[in-house]
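Down below is the structure, laid out as structure tokens.
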Amino acid sequence: MFKIKLEGGKTMEVEKKTFWHTTSHILAQAVKRLYPNIKLTIGPAIDNGFYYDFDTDEPFSQEMLEKLEEEMKKIVKEDYKIERFVLSREEAIKLMEEKEEPYKVELIKELPEGEEISFYKQGEFIDLCAGPHIPSTGSVKAFKLLSSSGAYWRGDEKNKMLQRIYGISYPKASELEEYLNLIEEAKKRDHRKLGKELELFFFDETAPGMAYWLPKGFKMMNVLIDLWRKEHESRGYQEFSGPQLNSSSLWKTSGHWDHYKEDMFILEDADGNEQALKPMNCPNSIKVYQTKLRSYKDLPLRFNDIDVIHRNEKSGQLNGLFRVRMFRQDDSHNFIMESQIREEIEDIIEIIKKLYGIFGLDYRLTLSTRPEDFMGEIETWNRAEEDLRGVLDEICGKENYEVNEGDGAFYGPKIDIKMKDCLGREWQMGTVQLDFQLPLRFNLSYIDKEGNKKTPIMIHRALFGSFERFIGIITEHYAGAFPVWLAPTQVKILPIAITHKEYAEKLKEQLSAKGIRVEIDEREEKIGYKIREAQLQKIPYMLIIGDKEIEANAVGVRSRKEGDIGSLSADEFMKKLQDEIKNYK
RNA sequence: GCUAUUAUAGCUCAGUUGGUAGAGCAACUGAUUCGUAAUCAGUAGGUCGGGAGUUCGAUUCUCCCUAAUAGCUCCA
């Protein structure tokens with residue numbers, strides 16, 4: 001809520017979105033004043049501010065935005081009362097036709113019969129709008145137009161591209177400044193920036209959307225993979241690896257050729273046969289399933305893999321590690337009987353809770369149910385959805401997940417894990433999808449108790465989503481200051497002078513032998529300089545080695561978080577470290 | 001893919017109203033041997049993203065391409 005001041009010194013609380021919506025009208029008013037030929041379309045409030053879409057052939061330049069801000073200031077200063085009025089459909093259309101606003105006419109024509117058609121007026125400006133609005137334009141003391149970009153009319157690629165202006169506003173200048181600072185701070189956490197600074201990964205022009213993993217970044221990925229393997233091996237998962245390239249016939253059987261071809265890298269083998277790099281692992285898991293005749297006693301069968309997959313994403317979709325063309329899903333395909341859905345999902349949700357708990361991540365769970373174009377038996381769908389709800393209710397609590405009715409895949413319902421990046425954009429992380437269709441397409445079977453062939457259900461599940469995206473998210477989550485267990489370099493030994501080098505080397509060997517990721521800074525630099533560098537590299541522990549330490553057979557421990565924490569014996573430090581690593585600190 | 005913007009040294013960035021470039025950090029060399037977030041001095045480093053055009057002359061202007069960024073659209 002925002003507090004705004006009214007005439008006579010009274011204050012009033014308004015919804016942020018109401019305030020932002022009014023600001024979008026002020027923007028539209030300014031646009032009509034400066035560029036009367038530009039046509040209005042829609043201008044809603046969003047989670048962080050507002051936008052307004054305009055139809056114009058000339059895109060908004062930075063200078064135009066600045067001029068618009070100036071004009072908006074005038075409108076605020078002129079402090080117009082915002083008045084609502086209602087018209088009949090005919091009157092409304094007539095008014096908008098007179099004002100030559102074709103998009104508004106289109107909108108009015110589509111409003112359902114009987115719905116009130118309301119307008120809002122501020123000064124000379126009138127806009128079709130359901131409201132509500134704040135009482136007058138004078139309250140919008142602080143605002144900023146943040147950016148402009150193209151946006152399709154009604155969000156449809158086939159429609160005309162309009163020009164959108166994004167903005168934000170507040171009742172007080174200090175609040176605006178605070179918000180802008182927050183954005184600046186958030187940008188410092190950007191994984192693309194940190195990935196470069198901390199030498200985790202990089203991208204090259206010759207391989208768009210495909211990360212080069214530098215030694216430090218790849219070390220981290222391996223630590224994650226170790227964790228993932230540990231959590232799965234003990235739960236009956238069996239890891240395998242399959243081919244990168246399969247002939248088109250496989251993708252035709254799986255249905256990808258019809259539904260996903262655009263996103264696949266397709267090439268030819270030496271004989272001219274059509275092949276495609278795998279965009280997902282499901283068909284190859286199925287091939288593994290098919291190597292034997294399976295019994296009901298074998299189920300569930302859980303085949304997991306972290307093979308690299310390729311998706312030919314359109315260039316405009318690429319975004320750091322969040323959206324790439326080559327990545328590793330922490331994938332598994334679990335083959336189960338219908339009676340095992342609930343238990344299997346329960347087990348998977350338990351793993352999710354455990355893994356995400358280790359990182360302390362804030363995530364959103366969504367259940368997506370049967371879409372209109374579903375395939376399969378409606379009873380199977382109903383039972384499966386009931387099972388999914390049951391598990392979520394029980395393990396997560398009714399309040400802690402959302403249901404997106406009709407948003408499931410055509411082949412089965414699913415549970416998704418969603419997270420926000422440092423700029424508030426939401427990304428899908430893990431996913432757990434039931435699939436009733438693929439086993440049918442591949443004619444999968446198991447032999448039941450009575451000796452009959454039955455079709456198993458398949459669960460596609462990736463919990464981190466992909467290692468790439470997950471590393472992007474945790475880099476921003478920790479702002480690059482990874483906990484000890486995960487940090488690519490856990491300890492940096494900093495000898496004060498050359499004479500301390502030998503002891504430092506010995507220490508390094510000791511730590512290395514225990515599996516600690518340790519480096520040594522042997523350069524002939526001052527200790528303050530070395531500390532600064534290790535600190536900027538966000539290394540969890542620095543060990544300062546000088547005469548004192550050698551004499552006492554100790555290490556001077558400096559923590560990234562707490563600074564100098566004094567002297568410990570090498571054994572004490574080792575124990576502390578191992579303890580933290582064991583507990584994922 | 002679409003709209004807009006951007007691309008200059010390893011990194012962060014300045015600059016040239018058209019006369020082939022500069023800083024800080026990093027690197028290297030030398031001096032300094034140092035106690036908890038930057039020691040000093042020097043050296044080297046760039047076909048100004050790629051290609052074409054205009055021009056006596058292009059890093060600068062125009063066009064094409066590539067990549068990145070924001071948004072849109074898409075995402076089995």
Side-chain angles (χ1 to χ4, degrees), chain A residues 46 51 53 56-62 64-65 146-166 187 190 192-193 196-197 199 202-209 251 254-256 258-264 279-283 309 311-320 322-323 368 371 408-412 414 416 423 425 427-428 431 433 435 437-438 458 460 462 494-501 523-537 542-549 556-560 562-567:
Chain A
I46 51 178
Y51 67 79
D53 284 347
T56 164
D57 292 330
E58 192 194 348
F60 294 101
S61 63
Q62 194 53 44
M64 287 166 86
L65 292 185
L146 296 168
S147 63
S148 68
S149 71
Y152 301 106
W153 168 235
R154 310 213 140 175
D156 190 335
E157 217 175 353
K158 293 180 195 80
N159 287 342
K160 182 164 187 194
M161 184 162 260
L162 309 170
Q163 294 300 324
R164 174 173 299 179
I165 296 177
Y166 284 93
K187 280 183 187 163
D190 192 312
R192 293 166 297 193
K193 181 175 151 66
K196 203 184 278 181
E197 286 171 5
E199 298 173 20
F202 69 95
F203 288 91
D204 184 76
E205 196 178 329
T206 61
W251 305 112
S254 70
H256 289 93
D258 290 333
H259 290 100
Y260 204 67
K261 199 176 168 192
E262 292 287 289
D263 280 28
M264 286 160 75
M280 41 199 86
N281 290 305
C282 355
I309 57 178
R311 296 185 185 176
N312 198 357
E313 303 284 358
K314 291 182 202 159
S315 57
Q317 325 294 10
L318 301 178
N319 188 302
F322 289 153
R323 190 87 176 257
S368 299
F410 68 86
Y411 50 75
K414 59 173 185 168
D416 290 327
L423 295 174
R425 296 176 293 203
W427 299 91
Q428 179 175 317
T431 183
Q433 310 184 351
D435 188 343
Q437 287 308 307
L438 218 46
M458 196 174 170
H460 311 249
L494 312 178
I496 288 173
I498 295 175
T499 50
H500 310 127
K501 221 169 105 174
R523 293 172 309 168
E524 294 167 23
E525 295 287 353
K526 290 176 105 171
I527 195 67
Y529 182 81
K530 294 185 186 183
I531 287 171
R532 178 181 155 81
E533 252 183 33
Q535 188 75 34
L536 291 175
Q537 282 295 303
M542 292 160 239
L543 298 183
I544 318 292
I545 303 302
D547 292 338
K548 264 194 306 191
E549 284 73 23
V557 184
R558 187 185 165 93
S559 133
R560 169 185 66 196
E562 298 152 62
D564 188 358
I565 56 176
S567 186

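Note that the coordinates shown come from a computational prediction; the quantities given were computed from them, not determined experimentally. Every chain is numbered from 1 and lettered A, B, ... according to where its sequence line falls, protein lines coming before strand lines.
Here the nucleotide nearest the side chain of A:D547, chosen from B:U36, B:G35, B:U73, is B:G35. Nearest to the side chain of A:Q535, among B:A76, B:C72, B:A37, sits B:A37. Closest to the side chain of A:I544, from the set B:A76, B:G35, B:G1, is B:G35. Here the side chain of A:A151 is nearest to one of B:C72, B:C74, B:U69, namely B:C72. Distances were taken from every side-chain heavy atom of A:L423 (C-beta onward) to each of B:U32, B:A37, B:A70; the shortest belongs to B:A70. Of all nucleotides listed (B:C75, B:C34, B:A70), B:C34 comes nearest to the side chain of A:E524. The nucleotide whose nearest atom lies closest to any side-chain atom of A:P208 is, among B:A68, B:C34, B:U73, B:A68. You'll find that the side chain of A:I496 is closest to B:G35, out of B:G35, B:A76, B:G71.
Between A:I527 atom CD1 and B:U39 atom C1' the separation is 14 Å, expressed in whole Å. Atom pair A:K196:NZ and B:G10:C1' shows a separation of 11 Å (rounding to whole Å applied).
As judged by a 4.0 angstrom heavy-atom cut-off over every strand, A:K548 is placed among the base-contacting residues. At a threshold of 4.0 angstrom between heavy atoms, the contacts of A:Y529 are confined to the sugar-phosphate backbone, with no base atom among them. In this structure, A:G528 reaches the sugar-phosphate backbone alone: every heavy-atom distance under 4.0 Å involves primed, P, OP1 or OP2 atoms, never a base. A:R425 comes within 4.0 angstrom of sugar-phosphate atoms only, judged by non-hydrogen atoms across all strands, and of no base. Backbone-only engagement by A:G320 is indicated by non-hydrogen atom pairs under 4.0 Å involving sugar-phosphate atoms exclusively. Nucleic acid contact for A:Y51: none, since no nucleic acid atom lies under 4.0 Å from a heavy atom of the residue. Across all strands, A:N319 comes closer than 4.0 Å only to sugar-phosphate atoms, never to a base (heavy-atom distances). Within the 4.0 angstrom heavy-atom criterion, no nucleotide atom of any strand lies near A:E313. Among the heavy atoms of the strands lying under 4.0 Å from A:H256 is at least one base atom, whether or not backbone atoms are also near. At the heavy-atom level, A:R323 lies under 4.0 Å from base atoms of the strands shown. Within the 4.0 angstrom heavy-atom criterion, no nucleotide atom of any strand lies near A:R560. Within the nucleic acid shown, A:M161 comes within 4.0 Å of at least one base atom, counting heavy atoms only. As judged by a 4.0 angstrom heavy-atom cut-off over every strand, A:E549 is placed among the base-contacting residues. Among the atoms of the strands shown, base atoms are found under 4.0 Å from some heavy atom of A:I531.
Taking the charged nitrogens against the carboxylate oxygens, A:K160 and A:D57 do have a contact shorter than 4.0 Å, which makes a salt bridge.
Within 3.5 Å, no donor on the side chain of A:E157 pairs with an acceptor on the base of B:C2, nor the reverse.
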Pairing string, 5' to 3', for RNA chain B - Watson-Crick or wobble contacts under 3.5 Å, brackets [ ] where pairs cross, | to another strand: (((((((..((((.....[..)))).(((((.......))))).....(((((..]....))))))))))))....
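Residues A:R558 and A:S315 each lie close to RNA chain B; by heavy-atom proximity, the contact nearer the 5' end of the strand is made by A:S315.
On the P atoms, B:U6 is 13 Å away from B:C63, given to the nearest whole Å. For the C1' atoms, the distance from B:C25 to B:G18 is 32 Å, rounded to whole Å.
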